[in-house]
*Asks:* 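Have a look at this one before I ask anything.
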There are 2 protein chains.
Amino acid sequence: MTKKEQKNRLIPEEELYDLAELFKVFGDSTRIRILFALFLKELCVNDLAAELNMTQSAISHQLKILRNARLVGLRREGKQSVYFLKDDHVRTIIDQGREHIEE
Amino acid sequence: MTKKEQKNRLIPEEELYDLAELFKVFGDSTRIRILFALFLKELCVNDLAAELNMTQSAISHQLKILRNARLVGLRREGKQSVYFLKDDHVRTIIDQGREHIEE
DNA sequence: TGAACGTATGAACAAATAATCATACGATCA
DNA sequence: TGATCGTATGATTATTTGTTCATACGTTCA
């Protein structure tokens, strides 16, 4: 089955639940702000916390959720964890969201 | 400012909150299932409730949220309210979500 | 007009969730 | 090794949110 064929068939019920789980991750302003910050450059936890003016703990909790959704990845550098966006779907999804809003 | 230029500039903080609000709407399995049902054809409230095996009230509440987000529209037909998808960003956003999941 | 139908909506309740606080863990360095 | 730094994480709490229940609203039709 080609990608296009797969795209056009019915979506199984179970996949709809997974989709909702994925979009739930985008549905929080802290996480969106984290994603957008990582749009611009890789950042470690403390830098993210400073940039978003939030506690290290709050950021760390949200990064865990973003990691579980495979939206961000991390690289250890000494004591630091450097986070980065993991794929381009993030950008496309956010761009489409923006286009909807701007209509 | 062209669309492309607009896309590439920094996203203002306020728009990030609006984005989170939009994705929050996608982040519920009932609403995703409603959207997908409307993918296939227009439906009135009772038909949606039957198809998703949920109460009329629950569906109606969720439809209100989808309406507020301008993701669905409705047309009155006698006693019925016939709902439909309002724009193609819905399809693109969901498709991108699916591609992310299927990786 | 009144009954029946389809839909919308407010209140109440239960479940999910984000931030905080305290603390633990791992790496670096004196 | 002990201290410090950066990060992760469990528990708690306050808030948000989805469903249910009851009911109101608008339309159709006898």
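Protein chains get the first letters and strands the later ones, always in sequence-line order, with residue 1 at the start of each. Computation of the quantities below employed the complete heavy-atom set of this structure, encompassing side-chain atoms and omitting hydrogens, waters and symmetry-equivalent molecules.
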*Asks:* Starting from P on D:dA8, measure out to CD on A:Q62 and report it in whole angstrom.
*Replies:*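 My rounded result for the distance is 13 Å.
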
*Asks:* When the nearest nucleotide of DNA chain C is assigned to A:E77 and to A:S29 on a heavy-atom basis, which residue is associated with the more 5' position?
*Replies:* A:S29

*Asks:* Is it true that, when you exclude A:E14 itself, more than 12 heavy atoms of the residues, nucleotides or ligands shown sit nearer than 6.0 Å to its CD?
*Replies:* no

*Asks:* Under 4.0 Å: is that the gap between some side-chain N or O of A:K24 and OP1 or OP2 of C:dT17?
*Replies:* yes

*Asks:* What is the distance, rounded to the nearest whole Å, between atom CZ of B:R75 and atom C1' of C:dG6?
*Replies:*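 Value for this atom pair: 16 Å.
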
*Asks:* Please state how far atom CE in A:M54 lies from atom C1' in D:dA8, giving the value in whole angstrom units.
*Replies:* 16 Å

*Asks:* For A:I65, which contact category applies under a 4.0 Å heavy-atom criterion: base, sugar-phosphate, or nothing?
*Replies:* sugar-phosphate

*Asks:* Any side-chain N or O of B:K64 below 4.0 angstrom from OP1/OP2 of C:dA8?
*Replies:* no

*Asks:* Using a 4.0 Å heavy-atom cut-off, does B:S81 contact any base of the nucleic acid, only the sugar-phosphate backbone, or nothing at all?
*Replies:*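 Counting heavy atoms under 4.0 Å across all strands, the contact made by B:S81 is with sugar-phosphate only.
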
*Asks:* Tell me whether B:E13 is salt-bridged to A:R33, with the criterion being a basic N under 4.0 Å from an acidic carboxylate O.
*Replies:* yes

*Asks:* Are A:L16 and B:F39 co-members of a hydrophobic cluster defined by side-chain heavy atoms under 4.5 Å apart?
*Replies:*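 Per the 4.5 Å side-chain linkage, B:F39 and A:L16 are co-clustered.
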
*Asks:* Is the distance from OP1 or OP2 of C:dG26 to the nearest side-chain N or O of A:K79 less than 4.0 Å?
*Replies:* no

*Asks:* Does A:S60 put a side-chain nitrogen or oxygen below 4.0 Å from OP1 or OP2 of D:dT7?
*Replies:* no

*Asks:* Of the options D:dT20, D:dT7, C:dG6, whose atoms approach the side-chain atoms of B:A58 most closely?
*Replies:*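 Nucleotide nearest to B:A58's side chain: D:dT20.
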
*Asks:* Kindly indicate whether the side chain of A:S57 and the base of C:dC21 share any N or O donor-acceptor pair separated by less than 3.5 Å?
*Replies:* yes

*Asks:* Phosphate oxygens OP1/OP2 of D:dC5: is one of them under 4.0 Å from a side-chain N or O of A:N46?
*Replies:* no

*Asks:* Would you tell me if any nitrogen or oxygen in the side chain of A:R76 comes within less than 4.0 Å of OP1 or OP2 on D:dT7?
*Replies:* no

*Asks:* Give the rounded distance in Å between these two atoms: CD of B:E21 and C1' of D:dT17.
*Replies:* 12 Å

*Asks:* Measure from CD1 on A:I59 to P on D:dA8 and round the result to the nearest Å.
*Replies:*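 Nearest whole value for this atom pair: 11 Å.
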
*Asks:* Mind checking if A:Q56 touches a base, just sugar-phosphate, or nothing, with heavy atoms under 4.0 Å?
*Replies:*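 Base contact.
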
*Asks:* Over how many whole Å does the gap from A:R33 atom CZ to C:dA18 atom P extend?
*Replies:*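 So the CZ-P distance, A:R33 to C:dA18, works out to 14 Å.
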
*Asks:* Which of parallel (below 30°), tilted (30 to 60°) and perpendicular (above 60°) describes B:F23 and A:F26?
*Replies:* tilted

*Asks:* Suppose we call a contact any N or O donor and acceptor under 3.5 Å apart; does that hold for the side chain of B:H61 and the base of C:dT7?
*Replies:* no

*Asks:* Starting at CG of A:L52 and ending at P of C:dA19, how long is that distance when rounded to a whole Å?
*Replies:* 11 Å

*Asks:* Give a yes or no on whether B:L43 and B:L74 share a hydrophobic cluster (residues Ile, Leu, Val, Met, Phe, Trp, Tyr; joining criterion: side-chain heavy atoms under 4.5 Å apart).
*Replies:*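 The answer is yes; both residues are in one hydrophobic cluster.
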
*Asks:* When hydrophobic residues are tied together by side-chain contacts of less than 4.5 Å, even through go-betweens, does A:V72 share a cluster with A:M54?
*Replies:*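 Hydrophobic grouping puts A:V72 with A:M54.
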
*Asks:* Between A:Y83 and D:dA8, is there a contact of a side-chain N or O with OP1 or OP2 at under 4.0 Å?
*Replies:*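 Yes.
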
*Asks:* In whole Å, I'd like the distance from the CG atom of A:L66 to the P atom of C:dT17.
*Replies:* 14 Å

